[in-house]
Visitor: 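One structure coming up, written as structure tokens, with questions to follow.
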Amino acid sequence: MIHTRISGTGSYLPGEPVGNAALIAAHGIESSDEWIVERTGIRSRHLAAPGVTSSDLALEASRRALEAAGRVPADVDLIIVATSTPDYVFPSAAALLQSKLGITNGAPAFDVQAVCSGFVYALTIADKFIASGSHKCALVVGAEVFSRILDWKDRGTCVLFGDGAGAVVLEAAKEPGLLASAFHADGSHHGILSVPGQICGGVVTGDPFLRMDGQAVFKFAVKVLADVANEVLNAAGMTAAQVDWLIPHQANVRILQATAKKLHIPPEKCIVTVDRHGNTSAASIPLALDESVRAGRIRRGQHLLLEGVGGGFTWGATLLKF
Ligand code: UT7
């Protein structure tokens with residue numbers, strides 16, 4: 001049986017952190033640092049400079065992940081980028097990343113669009129490719145420039161998001177690795193979180209900005225995150241008490257706390273980066289993973305529970321031995 005394991009992690013945040021007060025002043029937002037910190041836990045985020053794209057951020061994160069894995073770009077035989085803010089309508093951010101990395105071995109490259117669950121979706125897909133024996137070394141990336149789809153007049157959303165990228169190298173291995181994954185969708189909830197616009201006949205039609213019913217998303221997120229976490233724990237024959245680190249999608253510190261509580265995982269085992277990154281959608285989980293690995297908090301052999309929820313609605317979780 002072919003197992004899969006993460007052999008290296010990397011991440012990248014553009015520019016200097018932008019604090020709540022500076023963001024409010026720059027865009028004339030009717031808000032306050034107090035409100036944002038109290039309701040979300042967010043204190044700052046990073047914003048990509050004009051012209052910097054998701055594939056640019058993905059490139060830096062990928063280079064760091066490959067270096068950590070002891071791999072070179074030519075070793076990669078599968079590239080999956082999770083993003084809802086790709087550089088272009090097409091080609092995919094993954095194809096652009098392949099070109100920027102100078103990978104010329106014909107490795108398949110494609111994007112996964114599952115919004116904030118995108119990284120868990122991409123990791124689950126890469127795991128299945130490698131476990132089937134068809135591929136050996138996958139680059140799995142979450143990269144976003146959500147600042148490009150924010151309406152700075154909508155204070156209920158524009159203070160929540162940030163830009164960044166995280167990447168892992170996933171390889172075939174003799175020992176597990178990834179222990180269990182689950183991913184789901186329920187499109188009937190598409191209306192509570194969306195960017196309901198498109199390009200048609202050379203013009204933008206509909207609304208090109210992120211729209212969200214925050215309270216509906218909050219309630220849905222807490223329920224499905226706990227459910228899907230229990231699903232992968234059951235599939236692996238493990239309990240929440242055996243989890244060393246919970247690495248949730250970073251949307252709101254209150255959602256992280258509520259999910260950890262529902263799972264009976266103590267808050268000190270829950271990785272929190274939303275205070276410094278904001279919500280970076282598909283990038284948030286690999287960013288949190290890499291930051292904690294490099295800080296020496298997450299160590300080899302520990303059990304990690306990754307979980308995400310996002311527009312669609314989509315949700316998923318992966319349980320792994322690091
Ligand atoms: O990645 C997955 C997608 N996103 C999420 O998971 C986000 C889920 N939802 C949330 O995190 C929270 O619902 C929010 C942070 C978005 C909002 O927090 P809330 O506690 O649910 O606030 P609310 O929407 O009920 O709004 C409460 C009040 C309202 O004023 P009134 O009607 O009570 O006078 C809002 O207009 O807060 C007001 N408000 C703000 N005030 C200052 C909304 N946004 C802001 C703001 N600054 N930025």
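First listed ligand is number 1; within each ligand, the first listed atom is number 1. Small disclaimer: the values here were computed from a predicted structure and weren't measured.
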Visitor: Within the 4.0 Å heavy-atom shell around H249, which atoms of ligand 1 are there?
Guide: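 Atoms satisfying the 4.0 Å criterion: 1 (O), 2 (C).
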Visitor: Return the closest protein heavy atom for atom 30 (O) of ligand 1 as residue, atom name and distance.
Guide: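 Among all protein heavy atoms, the one nearest atom 30 (O) of ligand 1 is R155 NH2, 4.2 Å.
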Visitor: At the 4.0 Å heavy-atom cut-off, does A221 count as touching ligand 1?
Guide: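 The answer is no, since A221 has no heavy atom less than 4.0 Å from ligand 1.
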Visitor: Under a 4.0 Å threshold between the charged nitrogen and the carboxylate oxygen, would R299 count as salt-bridged to D244?
Guide: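 So D244 does not pair with R299 through a salt bridge.
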Visitor: Show the atoms of ligand 1 that are less than 4.0 angstrom away from any heavy atom in I255.
Guide: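 Atoms satisfying the 4.0 Å criterion: 6 (O), 8 (C).
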Visitor: Short check: is a protein heavy atom less than 4.0 Å from atom 34 (O) of ligand 1?
Guide: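 Neighbour list for atom 34 (O) of ligand 1 is empty of protein heavy atoms (cut-off 4.0 Å).
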Visitor: Evaluate the ring planes of H184 and W315, with Trp represented by its six-membered ring, and classify them as parallel (under 30°), tilted (30 to 60°) or perpendicular (over 60°).
Guide: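 H184 and W315: tilted rings.
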Visitor: Answer with yes or no whether the side chains of E144 and T85 bring together a donor and an acceptor at under 3.5 Å.
Guide: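 Looking only at side-chain atoms, E144 and T85 do form a donor-acceptor pair, the distance falling under 3.5 Å.
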Visitor: Do any N/O atoms on N279 end up under 3.5 angstrom from N/O atoms on ligand 1?
Guide: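 Yes.
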Visitor: Which residue and atom name correspond to the protein heavy atom nearest atom 15 (C) of ligand 1, and how close is it?
Guide: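 Here the closest protein heavy atom is T40 CG2, 3.5 Å.
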Visitor: Could you list which atoms of ligand 1 come closer than 4.0 Å to a heavy atom of C116?
Guide: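 What qualifies from ligand 1 is 1 (O), 2 (C).
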Visitor: Under 4.0 Å from atom 42 (C) of ligand 1, is there at least one protein heavy atom?
Guide: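 For atom 42 (C) of ligand 1 the answer is yes, since some protein heavy atom falls inside 4.0 Å.
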Visitor: Within a distance of under 4.0 Å, is there any protein heavy atom near atom 9 (N) of ligand 1?
Guide: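 Yes; the ligand atom in question has protein heavy-atom contact below 4.0 Å.
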Visitor: Can you list the atoms of ligand 1 that are under 4.0 Å from a heavy atom of G156?
Guide: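 The atoms of ligand 1 under 4.0 Å from a heavy atom of G156 are 16 (C), 44 (N).
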Visitor: For atom 21 (O) of ligand 1, what's the nearest protein heavy-atom neighbour? Residue, atom name and distance, please.
Guide: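 Here the nearest protein heavy atom works out to Q215 CG, 3.3 Å.
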Visitor: Relative to ligand 1, is L193 under 4.0 angstrom through side chain, backbone, both or neither, heavy atoms considered?
Guide: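 For L193, only side-chain atoms sit under 4.0 Å from ligand 1.
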Visitor: Heavy-atom pairs closer than 4.0 Å: do any link ligand 1 to the side chain of V115, the backbone, both, or neither?
Guide: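 Neither; no heavy atom under 4.0 Å.
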Visitor: Within the supplied structure, the quantity of interest is the number of heavy atoms (other residues, nucleotides, ligands) at a distance under 6.0 Å from I199 CD1; does it exceed 12?
Guide: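 For I199, atom CD1 is not crowded (no more than 12 foreign heavy atoms under 6.0 Å).
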Visitor: Can you confirm whether some protein heavy atom lies under 4.0 Å from atom 23 (P) of ligand 1, or whether none does?
Guide: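 Protein heavy atom within 4.0 Å of atom 23 (P) of ligand 1: present.
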Visitor: Return yes if a side-chain donor-acceptor contact under 3.5 Å exists between N20 and R45, otherwise no.
Guide: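 Side-chain D/A pair, N20 to R45: present.
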Visitor: Within a distance under 4.0 Å of any heavy atom of R254, pick out the atoms of ligand 1 and give their elements.
Guide: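 Answer, ordered by atom number: 18 (O), 19 (P), 20 (O).
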Visitor: Which atoms of ligand 1 have any heavy atom of A251 under 4.0 Å away?
Guide: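 Every atom of ligand 1 under 4.0 Å from some heavy atom of A251: 1 (O), 5 (C), 6 (O).
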Visitor: What side-chain donor-acceptor pairs closer than 3.5 Å can you find for residues 263-275, not counting sequence neighbours?
Guide:
unit_1	atom_1	unit_2	atom_2	d
K269	NZ	V243	O	3.3

Visitor: State the atoms of ligand 1, each with its element, that fall below the 4.0 Å cut-off from a heavy-atom position in G214.
Guide: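 Under 4.0 Å from G214, ligand 1 has these atoms: 8 (C), 9 (N), 13 (O).
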Visitor: Salt bridge or not for R297 and E291, using N-O below 4.0 Å?
Guide: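 So R297 does not pair with E291 through a salt bridge.
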Visitor: For atom 5 (C) of ligand 1, find the nearest protein heavy atom and state the residue, atom name and distance (0.1 Å precision).
Guide: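 Nearest protein contact, heavy atoms only, for atom 5 (C) of ligand 1 is V217 CG1, 3.6 Å.
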Visitor: Once rounded to the nearest 0.5 Å, what's the spacing between atom OH of Y121 and atom SG of C116?
Guide: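 Atom-to-atom, Y121:OH and C116:SG are 12.0 Å apart.
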Visitor: Could you tell me the residue and atom name of the protein heavy atom closest to atom 11 (O) of ligand 1, and the distance to it rounded to 0.1 Å?
Guide: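 Answer for atom 11 (O) of ligand 1: N252 ND2, 2.7 Å.
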Visitor: Can you tell whether the side chains of D154 and R211 come within less than 4.0 Å, N to carboxylate O?
Guide: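 The answer is yes: the pair qualifies as a salt bridge.
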Visitor: Counting non-hydrogen protein atoms only, what is the nearest one to atom 47 (N) of ligand 1? Give residue, atom name and distance.
Guide: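 Nearest neighbour among protein heavy atoms for atom 47 (N) of ligand 1, to 0.1 Å: S31 OG, 2.6 Å.
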Visitor: Checking side-chain polar atoms at under 3.5 Å, does N252 have a donor or acceptor matched by the opposite partner on T40?
Guide: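 Not at all, the side chains of N252 and T40 share no donor-acceptor pair under 3.5 Å.
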Visitor: Of the listed options (F218, W35, F161, F313), which comes nearest to atom 17 (C) of ligand 1 when hydrogens are ignored and any heavy atom counts?
Guide: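 Nearest option to atom 17 (C) of ligand 1, by heavy atoms: W35.
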Visitor: Which is closest to atom 19 (P) of ligand 1 by heavy-atom distance: K219, R39, M212?
Guide: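 Considering heavy atoms of K219, R39, M212, the nearest to atom 19 (P) of ligand 1 sits in R39.
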Visitor: Less than 6.0 angstrom separating the ring centers of H190 and F313, yes or no?
Guide: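 Judged by ring-centre distance (under 6.0 Å), H190 and F313 do not meet the cut-off.
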Visitor: Quick one: salt bridge (charged side-chain N to carboxylate O under 4.0 Å, His left out) pairs with a partner in residues 83-107, sequence neighbours left out?
Guide: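 Applying salt bridge (charged side-chain N to carboxylate O under 4.0 Å, His left out) to every pair that reaches into residues 83-107, excluding sequence neighbours, yields D56-K100.
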Visitor: State whether the shortest distance between N or O atoms of S32 and N or O atoms of ligand 1 falls below 3.5 angstrom.
Guide: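 N/O-N/O distance below 3.5 Å does not exist for this pair.
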Visitor: What pair of heavy atoms forms the shortest contact from A226 to K262, and how long is it?
Guide: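 In terms of heavy atoms, the two residues are closest at CB-CD, 3.8 Å.
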Visitor: Does the distance from a Lys or Arg side-chain N to an Asp or Glu carboxylate O, for R64 and E67, drop under 4.0 Å?
Guide: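 Judged by the 4.0 Å cut-off on N to carboxylate O distance, R64 and E67 do not form a salt bridge.
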